[in-house]
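Structure record follows, encoded as structure tokens.
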There are 2 protein chains.
Amino acid sequence: MLPPLEKMEPIIHHFHKYLPLTEAEHELILSRIKHRQIKRRQMILQEGLVCHHYTFIVKGCFKMYGVDDRGIEHNIQFAAEDDWIADIGSFHSKKPSGFFIEAVEPSEIIQIEQQDLYFLYINIPKLDRIFKVIVENKYVELQNRVLQNISSTAQQRYVNFLEQYPTLASRLPNVQIASYLGITPEFLSKIRKDLSGK
Amino acid sequence: MLPPLEKMEPIIHHFHKYLPLTEAEHELILSRIKHRQIKRRQMILQEGLVCHHYTFIVKGCFKMYGVDDRGIEHNIQFAAEDDWIADIGSFHSKKPSGFFIEAVEPSEIIQIEQQDLYFLYINIPKLDRIFKVIVENKYVELQNRVLQNISSTAQQRYVNFLEQYPTLASRLPNVQIASYLGITPEFLSKIRKDLSGK
DNA sequence: CCCGTTTCTTAAACTATATTAAGGCCATTT
DNA sequence: AAATGGCCTTAATATAGTTTAAGAAACGGG
């Protein structure tokens, strides 16, 4: 028995943006994915556990973060609609993750388990290509973030974040944005004050 | 006429670490790659130009950097033997790159042009898989770097760099390492002094 | 609708890092 | 031998960002 089609439609549509898939391929994919509702603050990955899923976000928003030795959270990435989130390192190595992935809004996701994704890679070689392109795009994004981190002030990074992710910026509390930028919430508050007085 | 086999061997060996390839696939790959000698300080990519190649490093070392509005260079990555370097964003979008890639040592490289790589992707689907895994690994590395940047002091980042890339650390001038860490050479000098006095 | 939390802000004191300037060392060129 | 340029260091001063503390505003859960 296949899951209700309409709930799975977004991920199929997502794949089609990269490469067309046949009906048979749709069916195969649908037979290997699961739809879930996630509550705000619910975690779909915890430090110390292996990351078993690639998670596609149909609706809602997640943060992925590490916790340092003083207990402070550091946001490595956000992901919202039509995006993926996973600890890719842990997922492939099957080693415990050092990260948490947590819903910052009530969310609706589609998950693929590791064995299922590997099965799909073997039976639909196109998916290798699709995920290659997905990861390449994410790599470029990260690379720009690194450049910003090593070359810009916190103010420039914040302005850039607002421009690059206007939707995220309005959905997320500033505390979370500060953590993503690598500054304290107090300092972000000061930056916002300085900017507004321009 | 195929290029001399012995010079191309390293890249074939590199691919084999990910997936076995047939003789026919070797030949096809060999027919589409070029071997080059590069002098110290020679650039294989300049800002404003499209990145036309994926570059595999047989011997030597490169830096990829951006230049800010004050003319200061910021090293985004280093790459040495058995590693790849390219501006992936520019390579796929065919838009002008914002980066430079420059040899920091006399080097020996193997390059694949964009059309040739696309040709190979089509004719050897395994290469989609191989490059997917390569980029995934690089993504994980970058992600850890971002975490370090937003959560650690310059001193911790430097110590971590020494541990993670001991070979690079001894081959590169400190000015270049400082630029990679996002600090001034003067401050790196201070960090080194503090560390040595422990 | 109220209570407890989370979120945002302000400000003073403090720490990490940048800037500027200068000098020394080493390898390479003239 | 002198000159050049790259590299590394030191130190004084300046700026960017943190810490601590506290209060006000907004929000979510019963």
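When reading the values below, keep in mind they use all heavy atoms of this one structure, side chains included, and skip hydrogens, waters and symmetry mates. Labels below follow one simple rule: chain letters A, B, ... track the order of the sequence lines, proteins then strands, and each chain is numbered from 1.
By the neighbour-count criterion of 12 heavy atoms within 6.0 Å, atom NZ of B:Lys95 is sparsely surrounded, having that number or fewer from other residues, nucleotides or ligands.
Against DNA chain D, the stretch residues 161-169 of chain B makes no heavy-atom approach under 4.0 Å.
Whole-Å rounding puts the A:Asp194 CG to D:dT15 P distance at 14 Å. Here the P atom of nucleotide D:dA16 and the CG atom of B:Asn149 are 19 Å apart, to the nearest Å. In this structure, A:His74 atom NE2 and D:dG17 atom P are separated by 16 Å, rounded to whole Å. C:dT7 atom C1' lies 12 Å from atom CD1 of A:Ile177, rounded to whole Å. The interatomic distance linking A:Asn174 (CG) with C:dT10 (P) rounds to 12 Å, in whole Å.
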Spell out protein contact along nucleotides 11-30 of chain C as letters: B when the base is contacted, S when just the sugar-phosphate is, - when no protein heavy atom is under 4.0 Å; keep the 5' to 3' order.
S-----BSBBB---------
At under 4.0 Å between heavy atoms, which parts of nucleotides 24-30 of chain D does protein reach? Answer with one letter per nucleotide, 5' to 3': B base, S sugar-phosphate only, - none.
-------
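Residues forming a salt bridge (Lys or Arg N to Asp or Glu O under 4.0 Å) with A:Glu141 (at least two apart in sequence, or on another chain): none. Residues passing the side chain to side chain contact (heavy atoms under 4.5 Å, CB included) test with A:Glu81, sequence neighbours excluded: A:Lys59, A:Arg171.
Of the residues A:Leu127, A:Ile130, A:Ile124, the one that meets the side chain to side chain contact (heavy atoms under 4.5 Å, CB included) test with A:Leu19 is A:Ile130.
Side chains of B:Leu168 and B:Cys61 form a contact here, defined as non-hydrogen atoms less than 4.5 Å apart. The side-chain heavy atoms of B:Asp87 and B:Leu45, taken from C-beta on, include a pair separated by under 4.5 Å. Proximity of B:Phe99 to A:Gln143: side-chain heavy atoms (C-beta onward) are separated by under 4.5 Å at one or more points. For the pair B:Val146 and A:Asn149, the minimum side-chain heavy-atom distance is below 4.5 Å.
Helix-axis bend for the helix from C:dC1-D:dG30 to C:dT30-D:dA1: the local axis fitted to the five terminal pairs at one end deviates from that at the other end by 50°, rounded to 10°.
Each of C:dT7, D:dT9, D:dC7 was ranked by its minimum atom distance to the side chain of B:Pro173; first place goes to D:dC7. Closest contact between the side chain of B:Arg192 and the listed nucleotides C:dT7, C:dT9, D:dT9 involves D:dT9.
Nearest heavy-atom pair across B:Ile191 and B:Gln155 is CD1-N, 3.8 Å. Of all heavy-atom pairs between A:Gln37 and A:Glu108, the closest is OE1-CG, 3.5 Å.
The aromatic ring centres of B:Phe161 and B:Tyr180 sit less than 6.0 Å apart.
In this structure, B:Asp82 pairs ionically with B:Lys17, as a charged nitrogen and a carboxylate oxygen lie closer than 4.0 Å.
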What do the steps show when you test B:Phe100 against B:Tyr65 for ring-ring contact (aromatic ring centres under 6.0 Å, His included), and what is the final call?
CA-CA 5 Å; B:Phe100 298 81; B:Tyr65 60 94; 5.2 Å; yes
